[in-house]
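FYI, side chains are in, hydrogens and waters are out, and symmetry mates aren't considered; it's all heavy atoms of this structure. Owing to the predicted nature of the structure, the values given are computational and were not obtained by experimental measurement.
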Amino acid sequence: MLSEPRSGRLAAWGNALLAGLVSPDDAVHAIVGGDSVHRVEGLPGESAPVGLTLALGRLRALGVTGLRVALPAPGHPLGLSGPPAFNERALEAEEAVVATGAPYGLVPEVYEAGPEGAADAEDVHVEVVWHCLPVREAPPADVPSLGEAERELADALRETTEVLARLDVAASGPVAEAAIDAYRARAERGREVLAPGYPPRAVRVLELAQRVGLLISVAYENGHGGAVSASEMGARAQALRPVERVARRAQVAAYNAYVEERERG
């Protein structure tokens, strides 16, 4: 939840490419980000993995007109439409891209190599293989509209902050604010929140969803704060679970906004 999912980058910049708003080189550069290389395996007509530029062109030729994001979690198939084989693989990866216009989906598999105990991300070589699999052409599960997502996020952020403050959890005070500011400074350095063509509201919703996700992570990572009893720790977990779900729903709504608006005409 702290960083943008790879499926989000692929869907956002893939949509911009499909719409003719960016060049293939710019789209691939944005999708790969800090990784070393991305390839796509299992594309119809290809017997071996191919690079992203060729893969995106092939998907367009196969009839793909847009890309949606899925961020499933156990018991919550968010953004998925089946079949079970694809859903299971997406759930294992905790993310996927689902095409519109043609029945294909992409699930990432990440390989990392580097010096043992490497503290600097630049020392780690990251390769991503996207597995292209058949999907069911059906409405995605549990994806809200942008308006719904924005309202849910505002309510969840307010309610969760109140609960964490009452439990004296570090994520509700200055420690959280400092972590959020530092993370946002790093995350915003040299990147766009979404690709060209997305509505401003989608950018706003995605930024808020990432902020909420960071709040949750800080709460989990900074010890128990004052919540030292089992009942207080249980209360904190109970407060965080629903807001995690809301933040994931909002992320999916933001990434899928381009396709949703186009389909509404």
Side-chain angles (χ1 to χ4, degrees), residues 1-43 49-71 79 90 93-102 104-110 121 126-133 135 140 143 146 149 184 186-207 209-210 213 248 250-263:
M1 196 60 84
L2 282 178
S3 60
E4 58 184 341
R6 289 181 173 87
S7 57
R9 294 203 305 265
L10 177 56
W13 288 91
N15 283 329
L17 177 62
L18 290 170
L21 299 175
V22 298
S23 70
D25 286 346
D26 286 344
V28 169
H29 178 74
I31 293 167
V32 172
D35 299 334
S36 301
V37 65
H38 284 215
R39 297 186 179 88
V40 181
E41 179 269 338
L43 273 173
V50 300
L52 270 180
T53 302
L54 175 58
L56 290 169
R58 175 59 56 85
L59 288 170
R60 187 206 300 266
L62 290 168
V64 171
T65 57
L67 299 169
R68 288 189 172 103
V69 169
L71 297 177
E94 298 182 342
E95 61 177 308
V97 172
V98 179
T100 61
Y104 302 105
L106 300 165
V107 180
E109 186 171 2
V110 181
V126 179
E127 295 190 10
V128 179
V129 176
W130 293 89
H131 298 277
C132 183
L133 303 164
V135 298
V143 178
L146 275 176
R184 291 182 70 181
R186 292 195 306 272
E188 291 171 3
R189 196 176 299 140
R191 81 167 177 90
E192 295 180 64
V193 176
L194 280 171
Y198 275 81
R201 191 175 200 177
V203 175
R204 187 167 68 244
V205 168
L206 182 57
E207 287 180 325
Q210 290 173 340
R248 283 189 298 107
Q251 277 192 304
V252 171
Y255 285 121
N256 294 1
Y258 185 86
V259 171
E260 301 298 337
E261 287 208 349
R262 193 199 64 221
E263 290 184 347

Quick check for you: to the nearest 0.5 Å, what is the distance between W130 atom CH2 and L43 atom CG?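 CG of L43 is found 12.5 Å from CH2 of W130.
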
Roughly how far, to the nearest 0.5 Å, is the NE2 atom of H38 from the OG1 atom of T53?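 Separation between the atoms: 12.0 Å.
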
Qualifying residues under side chain to side chain donor-acceptor pair (under 3.5 Å), relative to S36, sequence neighbours excluded: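 With sequence neighbours excluded, S36 shows a side chain to side chain donor-acceptor pair (under 3.5 Å) to H125, given in chain and number order.
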
By side chain to side chain donor-acceptor pair (under 3.5 Å) - contacts of R204 (at least two apart):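 R204 satisfies side chain to side chain donor-acceptor pair (under 3.5 Å) with E150 only.
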
Which heavy atom of [X] sits nearest a heavy atom of [Y], and at what distance?
X	Y	result
V107	A96	CG2-CB, 4.0 Å
E95	P5	OE1-CB, 3.5 Å
S7	V97	O-CG2, 3.5 Å
V40	L106	CG1-CD2, 3.9 Å
I31	R9	O-NE, 2.8 Å
L206	A254	CB-CB, 3.7 Å

Name all residues meeting the salt bridge (charged side-chain N to carboxylate O under 4.0 Å, His left out) criterion together with [X]; count only those two or more places apart in sequence or in a different chain, and write none if there are none.
X	result
E263	R68
R6	D35
E94	none

Does the side-chain contact (heavy atoms from CB on, under 4.5 Å) test come out yes or no for W13 and H29, once each step is laid out? CA-CA 9 Å; W13 288 91; H29 178 74; over 6 Å; no

Taking side-chain contact (heavy atoms from CB on, under 4.5 Å) as the definition, give me every residue that meets it alongside [X], ordered by chain and number, with sequence neighbours left out.
X	result
E109	R89, Y111, H131
A149	P144, V205, A250, A253
A102	V64, Y104
P199	L146, A202, A257, E261

Does any N or O in the side chain of R39 come within less than 3.5 Å of the main-chain N or O of G51, such that one atom is a donor and the other an acceptor?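 No; zero donor-acceptor contacts below 3.5 Å.
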
Could you pull out all donor-acceptor pairs under 3.5 Å where a side-chain atom in residues 14-25 meets a protein atom, sequence neighbours excluded?
| residue | atom | partner | partner atom | Å |
| --- | --- | --- | --- | --- |
| N15 | OD1 | L67 | N | 2.7 |
| N15 | ND2 | A11 | O | 3.0 |
| N15 | ND2 | L67 | O | 3.0 |
| N15 | ND2 | Y198 | OH | 3.1 |
| S23 | OG | D26 | N | 3.1 |
| S23 | OG | D26 | OD2 | 3.3 |

